[in-house]
Amino acid sequence: MVSDGHKPDNGRSGGGLPGNFIQDIIDEDRRAGRYGGRVHTRFPPEPNGYLHIGHAKAIVVDFGIAQANGGLCNLRFDDTNPSKEDPEYVEAIQRDIRWLGYDWGDRLYFASDYFEQLYQYAEELIKRGKAYVCDLSPEEIREYRGTLTEPGRESPYRNRSVEENLDLFRRMRAGEFPDGSRVLRAKIDMRSPNINMRDPVLYRIQHTAHHRTGDTWCIYPTYDFAHPLSDAIEGVTHSLCTLEFEDHRPLYNWLLEALEIPEPPKQIEFARLNLSHTVTSKRKLRQLVEEGYVRGWDDPRLPTLSGMRRRGYPPEAIRMFCEQTGVTKTNSVIHISQLEHCVREVLNRKARRVMAVLRPLKVVITNYPEGAMEEFEVENNPEDPAAGTRRVPFTREIYIERDDFLEDPPPKFFRLAPGREVRLKGAYYITCQEVVKDPDTGDVIELRCTYDPASRGGETPDGRRVKATLHWVSAAHARPAEVRLYDHLFLTEDPDEGGGFLANLNPESLKVLTGCLVEAGLEDCEPGRQFQFLRHGYFSVDPDSTQKRLVFNRIVSLKDAWAKIRGQQVKAR
Ligand code: ATP
Ligand code: MG
């Protein structure tokens with residue numbers, strides 16, 4: 001767990017966010033002596049869905065900037081809209097942020113905790129002649145607002161007296177009026193070129209119970225009203241958000257100025273993170289979950305933090321990815337293989353290598369004594385000497401990968417074939433002597449091979465070379481397993497291309513292989529544990545896994561498409 005003021009311990013030297021424009025603003029604020037040199041940020045999720053990779057970016061920026069400056073970052077639930085929010089999300093969001101490696105200390109806040117204070121600020125605005133109660137219907141408000149090219153019109157209720165406004169606003173709070181009958185609006189400028197400044201709504205009547213305040217309130221503040229004031233209440237200095245809020249900044253500043261907040265926080269916008277081949281809209285994610293296109297919010301194909309955790313992505317890889325992609329002012333789409341590249345980089349260092357046969361083909365070693373067993377010592381991770389070695393049992397009957405044998409091999413196929421010799425990883429050289437077929441189907445069901453006792457440990461005294469090394473498991477020791485292979489959830493880089501996003505779903509995003517065989521010992525591993533299955537990729541133990549029925553998720557294959565794409569980009573320059 002990382003706490004404020006410390007860099008995440010992600011096993012890298014340097015690291016962190018590269019130099020960026022937000023840091024420049026902070027440096028300038030410090031030079032000018034603003035905020036007494038303090039840096040205080042917040043991450044403000046709305047508890048109406050699960051966090052996804054886009055939120056991870058915001059978390060890395062919000063907490064990372066605070067950490068890099070010896071500052072603090074609050075977790076604030078932006079729970080001002082009671083109809084869409086749920087305590088289930090509040091729990092999940094906290095779990096996900098902790099997992100990602102960030103800690104808000106004792107600064108867990110809810111915008112709903114400020115409802116009374118926010119209400120008092122609203123009365124203050126009314127008293128200052130800067131807000132009024134408007135009786136236009138929502139449709140009329142929209143119509144009076146004007147368009148980008150036409151100025152708006154003033155509401156006929158705009159010039160109510162302070163007394164009348166206070167009386168009406170208090171009666172709104174007291175529950176005298178039905179939903180939608182009245183709102184509180186800021187009195188700014190109906191002719192402003194910025195539509196957000198055309199007397200925006202600050203409070204709505206909504207007779208809906210709130211997950212934290214129950215029936216205490218029937219008026220709720222809008223995001224635009226609650227956000228700057230919540231920042232001010234918490235002593236936030238730099239309120240970092242995404243670019244779509246840029247046009248709201250004048251309103252953010254107007255409210256703080258109208259209420260004469262000393263040393264007001266400043267809003268700074270950065271570009272959203274978008275990822276190819278996936279969706280990061282909460283609405284679309286919810287639709288995928290609720291309509292059963294995936295198995296739940298933690299489906300390993302989703303870019304949710306809970307999905308990526310279940311898949312086996314290490315949190316440090318997600319942090320590395322968010323840091324690498326930097327903090328910028330222009331929205332862009334990052335290729336998903338860049339994220340996968342980070343996952344491989346971390347797992348290459350920390351995942352233990354094991355042997356697993358996903359599509360088994362039986363091999364009987366005819367000259368190996370029946371009932372005999374010997375153990376070979378193999379490295380757990382050549383990238384990490386501290387990972388040590390383990391002993392792998394070898395017997396007369398083993399399984400190899402079905403695709404590692406071809407009866408009639410093409411010229412470039414160097415693996416096993418009739419009469420050919422190959423190396424079994426860490427064990428012996430074997431030569432295929434006979435192919436046994438199912439008499440009905442003609443399928444190859446067994447190979448009968450001989451081994452060379454002089455090749456123990458994978459080398460021969462005569463230095464004879466073979467062109468392939470195969471992984472294998474001992475039939476008597478291997479454990480049966482189910483392996484879930486994932487591919488991108490969408491076939492197109494942009495899921496919205498062409499028709500709707502549902503039309504671009506990849507029908508083969510999940511393939512389940514049963515009857516796989518893995519090395520003994522894996523049945524004792526806790527869910528989430530990651531391995532490299534030699535020659536196949538990185539896999540994790542799924543929470544569905546039990547001692548009797550092992551289940552693994554493929555995290556990523558070994559092939560690094562991003563390294564290739566990047567290589568091509570470099571060449572193209
Ligand atoms: P909604 O439309 O429901 O508000 P949201 O994605 O903005 O969706 P929030 O819970 O409000 O969800 O987001 C919390 C924070 O995460 C906000 O500051 C938001 O700007 C940031 N955030 C959300 N998506 C991304 C993204 N793709 N890249 C970077 N930051 C993001
Ligand atoms: Mg939002």
Side-chain angles (χ1 to χ4, degrees), residues 50 91-92 95-96 98-100 288-289 292-318 340 343-344 346-360 378 380-381 384 387-388 390-393 398-402 471-489 508-558:
Y50 280 67
E91 291 305 313
R95 194 163 57 235
D96 289 348
R98 284 211 184 85
W99 174 73
L100 193 57
L288 292 172
V289 172
Y293 293 102
V294 293
R295 295 178 171 186
W297 283 104
D298 67 347
D299 189 294
R301 291 166 290 181
L302 291 182
T304 52
L305 292 187
S306 50
M308 292 191 285
R309 174 170 58 233
R310 180 162 188 172
R311 175 106 166 225
Y313 280 23
E316 57 267 51
I318 299 173
E340 292 164 354
V343 171
R344 277 187 199 94
V346 170
L347 290 177
N348 183 41
R349 268 188 275 113
K350 69 175 228 182
R352 227 179 81 179
R353 275 60 171 163
V354 294
M355 293 197 279
V357 175
L358 302 191
R359 296 169 182 88
V378 297
N380 284 329
N381 185 355
D384 176 13
R390 71 186 182 289
R391 300 174 78 79
V392 178
I398 61 167
Y399 284 93
I400 64 166
E401 209 65 61
R402 189 160 278 279
H471 61 275
W472 53 276
V473 291
S474 157
H477 298 86
R479 297 283 190 277
E482 171 181 317
V483 172
R484 300 174 182 169
L485 302 177
Y486 302 104
D487 196 352
H488 298 149
L489 189 51
E508 296 190 3
S509 60
L510 168 63
K511 252 188 244 161
V512 178
L513 300 181
T514 52
C516 308
L517 293 168
V518 301
E519 264 186 37
L522 299 196
E523 68 278 12
D524 296 325
C525 295
E526 70 287 4
R529 186 57 186 279
Q530 299 115 332
F531 296 94
Q532 186 191 101
F533 287 180
L534 282 184
R535 301 172 65 220
H536 283 300
Y538 294 99
F539 292 76
S540 67
V541 180
D542 188 83
D544 285 347
S545 198
T546 61
Q547 283 256 341
K548 285 215 172 72
R549 182 171 160 273
L550 300 183
V551 181
F552 293 90
N553 296 309
R554 183 170 67 194
I555 309 169
V556 272
S557 61
L558 288 177

For [X] and [Y], which heavy atoms make the closest approach, and how far apart are they?
X      : Y      : value
Pro360 : Gly515 : CG-O, 3.2 Å
Pro314 : Val343 : CD-CG1, 4.0 Å
Ala478 : Val473 : CB-CG2, 3.7 Å
Gly528 : Ser540 : O-CB, 4.2 Å
Cys516 : Val483 : SG-CG2, 3.7 Å
Tyr313 : Trp99  : O-CZ2, 3.2 Å

Is Lys350 salt-bridged to Glu316, going by a charged N under 4.0 Å from an acidic O?
yes
Evaluate the criterion side chain to side chain contact (heavy atoms under 4.5 Å, CB included) for residue pair Val392 and Trp472; output intermediate values, then yes/no.
CA-CA 10 Å; Val392 178; Trp472 53 276; 3.8 Å; yes
Would you say the side-chain atoms of [X] pair up with the backbone N or O of [Y], donor to acceptor, closer than 3.5 Å?
X      : Y      : result
Glu401 : Leu358 : yes
Gln530 : Gly312 : yes
Arg554 : Leu485 : no

Starting at [atom1] of [X], measure out to [atom2] of [Y] and round the result to the nearest 0.5 Å.
X      : Y      : atom1 : atom2 : value
Ser509 : Asp487 : OG    : CG    : 7.5 Å
Arg301 : Asn553 : CZ    : CG    : 10.5 Å
Leu305 : Trp297 : CG    : CH2   : 12.0 Å
Ile555 : Arg344 : CD1   : CZ    : 11.0 Å
Cys525 : Gln547 : SG    : CD    : 10.0 Å
Met308 : Leu100 : CE    : CG    : 8.0 Å

So Val289 and Arg295, side chain to side chain contact (heavy atoms under 4.5 Å, CB included) or not? Walk me through it.
CA-CA 7 Å; Val289 172; Arg295 295 178 171 186; over 6 Å; no
Can you name the side-chain contact (heavy atoms from CB on, under 4.5 Å) partners of Asp544, sequence neighbours left out?
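Result, side-chain contact (heavy atoms from CB on, under 4.5 Å) vs Asp544: Arg310, Arg484, Asp542, Val551.
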My understanding is that only residues two or more places apart in sequence, or in another chain, count here; which of them pass side-chain contact (heavy atoms from CB on, under 4.5 Å) with Ala92?
Tyr50, Arg95
Let me know which of Arg535, Glu519, Arg353 forms a side chain to side chain donor-acceptor pair (under 3.5 Å) with His471.
Arg535
Is there side-chain contact between Leu522 and Val541, with at least one heavy-atom pair below 4.5 Å?
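No. Closest side-chain heavy atoms not under 4.5 Å.
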In the structure I gave you, are the side-chain heavy atoms of Arg479 and Val518 within less than 4.5 Å of one another anywhere?
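Sidechains of Val518 and Arg479: in contact.
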Parallel, tilted or perpendicular: which one describes the rings of Phe533 and Phe552, with boundaries at 30° and 60°?
perpendicular
Can you check side chain to side chain contact (heavy atoms under 4.5 Å, CB included) on Leu288 and Leu489, steps first, answer last?
CA-CA 10 Å; Leu288 292 172; Leu489 189 51; 4.0 Å; yes
Check step by step if side chain to side chain contact (heavy atoms under 4.5 Å, CB included) holds for Leu347 and Phe531.
CA-CA 8 Å; Leu347 290 177; Phe531 296 94; over 6 Å; no
Do Asn380 and Arg390 get their side chains close enough for a donor-acceptor pair, meaning under 3.5 Å?
yes
Check salt bridge (Lys or Arg N to Asp or Glu O under 4.0 Å) between Lys511 and all other residues, then give those that pass, not counting sequence neighbours.
none
